[in-house]
Each structure stands twice: as C-alpha cells, then as structure tokens.
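Scope of the values below: all heavy atoms of this structure, side chains included, with no hydrogens, waters or symmetry mates. For reference, positions follow the sequence shown, starting with 1.
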Amino acid sequence: MTVALPKRPAAKKQRKPTSLFIPELVFFEPEALNYPKGKQIMQWVQAQNIPYRMTTSHNRITNLPGETEAEQYKIAKRTLVVGLRKTLTFDQSKPSADYAIPIATGCMGHCHYCYLQTTLGAKPYIRVYVNTDDIINSAKKYIEERAPEITIFEAACTSDPLGLEHITGSLAELITFMAAEPLGRLRFVTKYQHVEPLLSLKHNGHTRIRFSVNADYVIRNFEPATSSFEERIEAAAKIARAGYPLGFIIAPIIWHEGWEEGYAELLAKLAQALPPEAGKDLTFEMIQHRFTKTAKTVIEKRYPKSKLEMDIEKRKKKWGRWGQNKYVYPDEQQKALREFITERIFEHFPQSGIDYFT
C-alpha cells in the first residue's frame, strides 16, 4: 500500500537583492566636464558602456526614446543628466530642517504617491550636480549668517541621494564638510540600502541618516524600484553601528484594511532588527498620505492600475504651502493614526523622540 506523503509547503520566494542604479542613457551639459566630478562621472559612464549625449541644457531634452508618453516616462526615470546647480539660494525645508541643500533632483524609484510626480512632472529624469564646492560654499554662508544657532540642511528634498552615491560621491563630501562644522548639521532620508561608502567616514555625529519605512502593504503595493524593508533595516543597523544618529520616517501613513496590524508589525520588526545602540538617539517623523488634484491626475495616468486611494470625498482639504489645496485624512482618522503609531513607537523605543506628525 502506498501512502501519500504530505506536500511540503512552498518555500517563500526570495526577492533578489536590490542592485545599484545604472542609467540607460546619460546627458552631459558641456560645462559639467570642466569639473573633476563631471570628468569622473564621464569615465564611469564610458567604463559601463552606457550611451551618452551632450546637451546645452537639461531644459532642451525633448527627444527621449519611447513611442508613448508612458514609455518615455519609464525611460526618463532611467535617464541621468549631469550638470551644474546654477541656483545657489536654498529653499526652506520645514519641518525637517532649516534649508534644503541641492545635490540631485529626481529619483529612480517608482513610488506611486511621491510628490515629485507633480513637482518634476514634465522632467522626471534624474539630475546630479558636479559643482559641489559651490553648493558647500553656499551652505557655509548660511551657517555663518545664522551663528550662533545650529543650521540643519536636508539633502533629500528633491531626490534620494543615497541611490546615486556610487555615481557622484556627493553625500560623502557633504558629510565630511559638516563633520568639521560646529554649527552645521546634515540630514537625508532614503529608501535604499547602499550605505557602504558612508560607513568609514568621519562624521562627528553631525549627519542624521533616516530610512523611510512603512507597513508591508504600502511597500509591496506602492514602492516599486526601491530596496525591500529588510534591506533598509539591515542598512539602518549598519548606520547605527557606524555611530551615525539614526532616524525613521513613517511615510506616507496610509489608512488601509488592517492598518493597525501593519504598523504594529512594522515597529515590532524594527525593534527586533536594530542593535541596542540604535535606540540611544533615535528619531521618528510621521507623514500622513496627502495629494493634490494635479497629483491625482498625474498618478492615475502614470500608474493606472495602482491601488492608491485618492477619493477627494473621503478627505479633508488643507491649504498647501505652494498655493494648491491638498487632501489629507479627516481629523478623526488622523487622530487614530497618530495615537496608535505613537503608542507603538514608545512601546518599542521608549527613549526615542517624535519630531512631528503632519
């Protein structure tokens, strides 16, 4: 008699490690090749056998490959433009920091909800700036003008610079500069795990590295082309062991079926994965999901199958900083999200601080 053996449960499919970003096409503005960083990036592009072209200005890039707008958008997100940062007046960056320090614009990620969908709507390609000495000199002036107050700079307002660090080295330059500035501080946030170039730098605790984290439902459904949650947390542990101040941005907080379990699991996993030294100076920032009518139109066009809820009738209207109404959750939902996640944070990280909920 033959006895059927029980079937073994299928092994959970392992996600491939997130690889470094390699653009499919690169544009160089001619002036960029007058700078050491521009020449260095050109050498890297040639070594990688990446097609490249010259352009007088990024504003003149109109001939990207692709037969449809959707195809051109996808290709643009894999296109790198190497140029100079002409505007050296920094924008304010509240509530995260005093000023945004511009070292890159655009991102290789495909997060459905990202505000860059509209702020960079017509130009979704990625730009990096080679005149970092000029940018650093401008930051030095802001620090001197605000003395004796400490001046905090945010390096990730318009990009995810860690995803570009293997190409530019710009974060390392900023971290090294800020380490020697008694009144200067740097912050940036990332969804990528490629922290190795930063681990051996002298930072003097003047740079806080934050990782964007979320419930599994959000990462799985709305954050394509980014590092996995596990990769981000592994990188966060490395950053903590390297002595950097560490932080997490839970954003965007999305009200979805099972959100309590999702965010409770998130904080429990963080507590389990981080080394003890991570909890000594840990910060959290919480940002609820919001969108504008313009963003809704763009997102629905670019990601027509997205599950992202953007029902204006279910939202509260809030006046936006840039002159557009944005739609956030009603007060009752905001309160529930804020209180529940705050309780879970202090349950697992009683010594941490919450910078803001917005």
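Between the side chain of R78 and the main chain of I22, a donor-acceptor pair closer than 3.5 Å is present. Listed for the K77 side chain is a donor-acceptor partner under 3.5 Å among the backbone atoms of C107. Using a distance-only test at 3.5 Å, with no hydrogens or angles considered, no donor-acceptor pair links the side chain of H166 to the main chain of P197. With hydrogens and angles disregarded, a donor-acceptor distance shorter than 3.5 Å links the side chain of T158 to the backbone of A104. The backbone N or O of F153 lies less than 3.5 Å from no partner atom in the side chain of Y142, so there is not a single donor-acceptor pair. A donor-acceptor contact shorter than 3.5 Å is absent between the side chain of Y303 and the backbone of L308. In this structure, K37 contributes its side chain and N131 its backbone to no donor-acceptor pair below 3.5 Å. Between the side chain of S138 and the backbone N or O of L88, at least one donor-acceptor pair lies under 3.5 Å. The closest donor-acceptor contact from the side chain of R290 to the backbone of Q288 lies under 3.5 Å. The main-chain N or O of S228 is found under 3.5 Å from a side-chain atom of E231 such that the two form a donor-acceptor pair.
When each of Q193, R232, K191, H194 is paired with S227, the side chain to side chain donor-acceptor pair (under 3.5 Å) condition holds for Q193 and for no other.
Applying the 6.0 Å contact sphere to CZ of F346 captures more than 12 heavy atoms from other residues, nucleotides or ligands. Around the NZ atom of K238, the shell of radius 6.0 Å holds more than 12 heavy atoms that belong to other residues, nucleotides or ligands. For E234, the CD atom sits in a loose shell: 12 or fewer heavy atoms of surrounding residues, nucleotides or ligands are nearer than 6.0 Å.
In this structure, CZ in F284 is found 6.0 Å from CG in L270, a value given to the nearest 0.5 Å. Summarising the geometry, atom CG belonging to L80 is positioned 5.5 Å from atom CD1 belonging to I167; distances are rounded to the nearest 0.5 Å. Distance CG/L171 to CD1/I209: 8.0 Å, rounded to 0.5 Å. The CD atom of E165 sits 14.5 Å away from the CZ atom of F21 when rounded to the nearest 0.5 Å. Interatomic distance, CG of N214 versus CD1 of I250, reported as 7.5 Å (0.5 Å rounding). Annotation: the span from E261 atom CD to H256 atom NE2 amounts to 8.5 Å, rounded to 0.5 Å.
Applying the side chain to side chain donor-acceptor pair (under 3.5 Å) test to residues at least two apart or on different chains, the pairs with a partner in residues 348-358 are E285-Y356.
There is no path of hydrophobic side-chain contacts, each under 4.5 Å, that joins L20 to L25. Side-chain heavy atoms closer than 4.5 Å link hydrophobic residues (I, L, V, M, F, W, Y) into clusters, and following such links, possibly through other members, connects I341 to F357. Tracing side-chain contacts under 4.5 Å through hydrophobic residues (I, L, V, M, F, W, Y), one never reaches I101 starting from I249; they form parts of separate clusters. Residues I354 and L266 share a single hydrophobic cluster, defined by chaining ILVMFWY side chains whose heavy atoms lie under 4.5 Å apart. V328 and I253 are assigned to two separate hydrophobic clusters, defined by single-linkage of ILVMFWY side chains at heavy-atom distances under 4.5 Å.
In this structure the side chain of C157 never reaches within 4.5 angstrom of the side chain of D91, judged on heavy atoms. Under the 4.5 Å side-chain criterion, counting only non-hydrogen atoms from C-beta, K202 is in contact with N204. Side chains of T151 and Y99 form a contact here, defined as non-hydrogen atoms less than 4.5 Å apart.
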Would you mind writing out the side-chain donor-acceptor pairs for residues 178-186 within the sub-3.5 Å range, not counting sequence neighbours?
residue : atom : partner : partner atom : Å
E181    : OE1  : K140    : NZ           : 3.4
E181    : OE2  : K140    : NZ           : 2.8
R185    : NH1  : P182    : O            : 3.1

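For the pair R85 and Y129, the cation-pi criterion (under 6.0 Å, within 45° of the ring axis) is fulfilled.
Of all heavy-atom pairs spanning P161 and I103, the tightest one is CB-CD1, 3.8 Å. The two residues E29 and L84 come nearest to each other via the heavy atoms OE1-N, 3.6 Å. Here the closest non-hydrogen pair linking L174 and A155 is CD1-CB, 4.4 Å. Here the shortest heavy-atom pairing between P23 and I50 reads O-CG2, 3.5 Å. The shortest heavy-atom contact between F90 and I135 is CZ-O, 3.6 Å. In this structure, F291 and D311 approach most closely via the heavy-atom pair CZ-N, 4.2 Å.
Checked for salt-bridge contact, E24 and K74 miss the test: no charged N lies under 4.0 Å from a carboxylate O. Ion pair K296/E300 flagged as a salt bridge, since at least one NZ, NE, NH1 or NH2 atom sits closer than 4.0 Å to an Asp/Glu carboxylate oxygen. Classification of E144 and K141 as a salt-bridged pair fails, no side-chain N sitting under 4.0 Å from a carboxylate O. One finds no salt bridge joining E265 and R344 here, because no Lys/Arg side-chain nitrogen approaches an Asp/Glu carboxylate oxygen to under 4.0 Å.
In the model, E223 has a side-chain atom that pairs as donor or acceptor with a side-chain atom of Y113 under 3.5 Å. Between the side chains of R210 and S96, at least one donor N or O lies within less than 3.5 Å of an accepting N or O.
By the ring-ring contact (aromatic ring centres under 6.0 Å, His included) test, F340 is found to be paired with W259, residues two or more places apart in sequence or in another chain being considered. Applying the ring-ring contact (aromatic ring centres under 6.0 Å, His included) test to Y329 and every residue at least two apart in sequence or in another chain returns nothing. Scored by the ring-ring contact (aromatic ring centres under 6.0 Å, His included) test, F188 finds no partners at all (sequence neighbours excluded). For S306, the side chain to side chain donor-acceptor pair (under 3.5 Å) partners are H112, not counting sequence neighbours.
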